[in-house]
Amino acid sequence: MPSVHIYEKGVFYVAEVLLALEYLHMLGIVYRDLKPENVLVREDGHIMLSDFDLSLRCSVSPTLVKSSSLESDPLRKNPVYCIQPACIEPSCIIQPSCVAPTSCFSPRLFSSKSKKDRKPKNEIGNQVSPLPELIAEPTGARSMSFVGTHEYLAPEIIKGEGHGSAVDWWTFGIFLYELLYGKTPFKGSGNRATLFNVVGQPLRFPDSPGVSFSARDLIRGLLVKEPQHRLAYKRGATEIKQHPFFEGVNWALIRCASPPEIPKPVEIEQIPAPTASTSEKAVAAAAAAAKIPDQKSSDNYLEFDFF
């Protein structure tokens with residue numbers, strides 16, 4: 001198993017990449033070229049995406065929709081995924097209705113009632129209306145272009161069936177896989193073999209290094225070959241944020257959090273000018289003996305203006 005420190009580093013960077021993709025989708029941009037080479041670490045330790053020449057511009061209408069009920073959503077129904085302070089949405093600060101007791105709060109905060117009058121936790125949770133969710137997925141995007149990096153291409157791009165924003169979630173799954181295992185899952189001996197593996201070979205996880213079950217489960221959900229069954233196909237990043245892999249991430253304040261590592265400034269050393277070798281000195285002496293006119297001292301030269 002990787003150390004906890006390394007694992008937390010991975011969660012931080014993957015979470016910031018997810019927010020970057022969510023922001024692009026909110027602007028109506030399908031990135032289509034996510035890979036480690038295009039993820040840059042800024043001087044403050046946070047990440048940024050680069051290289052947008054393969055991006056697709058489309059229309060999108062970000063909306064706030066009512067969350068699914070607790071009964072229909074197993075992640076919300078099970079309180080084990082709701083024990084961190086990050087469960088409390090930022091809007092709770094201004095919404096009085098958020099103060100209602102839920103599984104995110106300790107029961108002792110609501111000790112005004114006696115133990116007899118207290119309702120079971122599951123009954124209390126069912127009475128709380130879920131907060132609205134931001135859906136910013138450009139589900140109507142459609143393109144027939146064959147673009148991307150071979151190891152990161154989604155199956156629908158290779159098949160030429162047309163693709164939409166779901167290709168970004170496939171590349172996000174490949175990115176997470178490579179971050180944890182140090183290689184991509186479908187790489188073949190050449191580009192042709194890689195494309196064949198993406199379309200025809202099942203997803204496999206190596207025995208080493210050991211990776212948590214939640215990480216493997218998230219990768220499985222993202223690397224579904226049929227885009228309509230892929231995680232985040234309809235609800236986008238909102239659906240991925242609720243996965244147990246990101247348990248404990250404070251999405252509202254992650255850009256204000258201290259990154260796990262701050263890049264050290266690179267110091268460029270002054271390289272001393274090389275001294276002239278014996279052969280170079282001999283050539284210079286021969287040129288002087290031949291009395292080659294110096295172009296700089298001659299009046300017969302052309303002047304150039306550079307723009």
Side-chain angles (χ1 to χ4, degrees), residues 1-22 25 34 47 65 67-92 98 102-106 121-122 124-126 128 130-137 166 168-181 185 203-224 229-255 257 259-260:
M1 254 328 252
S3 68
V4 175
H5 185 58
I6 294 176
Y7 185 78
E8 289 177 350
K9 275 187 180 182
V11 173
F12 176 84
Y13 292 122
V14 171
E16 291 211 328
V17 170
L18 176 60
L19 289 181
L21 290 176
E22 180 185 40
H25 285 195
L34 177 64
I47 65 96
V65 298
S67 305
S68 56
S69 64
L70 296 174
E71 291 296 330
S72 60
D73 192 340
L75 291 182
R76 292 175 178 272
K77 185 178 179 181
N78 190 350
V80 73
Y81 300 128
C82 198
I83 58 175
Q84 299 292 337
C87 294
I88 307 174
E89 298 288 341
S91 55
C92 290
C98 293
T102 68
S103 54
C104 292
F105 298 84
S106 174
K121 287 183 181 180
N122 56 352
I124 292 174
N126 290 336
V128 177
L131 295 171
E133 294 177 347
L134 174 65
I135 306 299
E137 193 65 8
D168 277 349
W169 306 126
W170 172 275
T171 58
F172 184 68
I174 301 288
F175 174 81
L176 176 57
Y177 188 104
E178 185 173 5
L179 190 68
L180 296 176
Y181 290 103
L203 174 66
R204 296 184 179 92
F205 294 99
D207 297 331
S208 178
V211 173
S212 67
F213 173 80
S214 62
R216 295 196 305 271
D217 182 70
L218 176 58
I219 293 173
R220 285 192 195 96
L222 294 167
L223 298 185
V224 174
H229 299 145
R230 194 172 298 154
L231 184 68
Y233 174 71
K234 290 185 178 179
R235 295 166 56 210
T238 301
E239 192 172 350
I240 301 177
K241 288 178 180 179
Q242 296 169 353
H243 193 276
F245 176 76
F246 293 109
E247 181 181 354
V249 174
N250 191 331
W251 296 103
L253 300 178
I254 189 171
R255 298 295 286 183

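Every heavy atom of this structure was used, including side-chain atoms; hydrogens, water molecules and symmetry mates were not. All values reported here derive from a predicted model rather than from experimental measurement.
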>> Taking the basic N atoms (NZ, or NE/NH1/NH2) and the acidic carboxylate oxygens, is any pair closer than 4.0 Å for K241 and E22?
In response: yes

> Do the side chain of E137 and the main chain of K234 share a donor and acceptor less than 3.5 angstrom apart?
Replying inline: no

> So, the side chain of R230 versus the backbone of A166: is there a donor-acceptor pair under 3.5 Å, distance only?
Replying inline: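 Looks like yes, one N/O pair under 3.5 Å.
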
Check whether any side-chain heavy atom of [X] sits under 4.5 Å from a side-chain heavy atom of [Y], and report yes or no.
| X | Y | answer |
| --- | --- | --- |
| V14 | F246 | yes |
| H243 | D217 | yes |
| D168 | L34 | no |
| Q242 | E247 | no |

Mind checking the [atom1]-[atom2] spacing from [X] to [Y]? Nearest 0.5 Å is all I need.
| X | Y | atom1 | atom2 | answer |
| --- | --- | --- | --- | --- |
| L179 | L176 | CG | CG | 6.5 Å |
| I254 | E16 | CD1 | CD | 5.0 Å |
| L21 | T171 | CG | OG1 | 6.5 Å |
| L203 | I219 | CG | CD1 | 7.5 Å |
| F245 | S212 | CZ | OG | 6.5 Å |
| W169 | F175 | CH2 | CZ | 13.0 Å |

> Quick one: ring-ring contact (aromatic ring centres under 6.0 Å, His included) partners of Y233, sequence neighbours excluded?
Replying inline: none

> For Y177, what residues pass the ring-ring contact (aromatic ring centres under 6.0 Å, His included) criterion, not counting sequence neighbours?
Replying inline: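 Y177: ring-ring contact (aromatic ring centres under 6.0 Å, His included) contacts with Y181, F205.
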
Provide the closest heavy-atom pair for [X] versus [Y] in the form atom of the first, atom of the second, distance.
| X | Y | answer |
| --- | --- | --- |
| G173 | L222 | CA-CD1, 3.6 Å |
| L180 | A215 | CD1-CB, 3.8 Å |
| L231 | E239 | CD1-OE2, 3.3 Å |

> What residues, two or more places apart in sequence or in another chain, satisfy side chain to side chain donor-acceptor pair (under 3.5 Å) together with W170?
Replying inline: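 With sequence neighbours excluded, W170 shows a side chain to side chain donor-acceptor pair (under 3.5 Å) to no residue whatsoever.
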
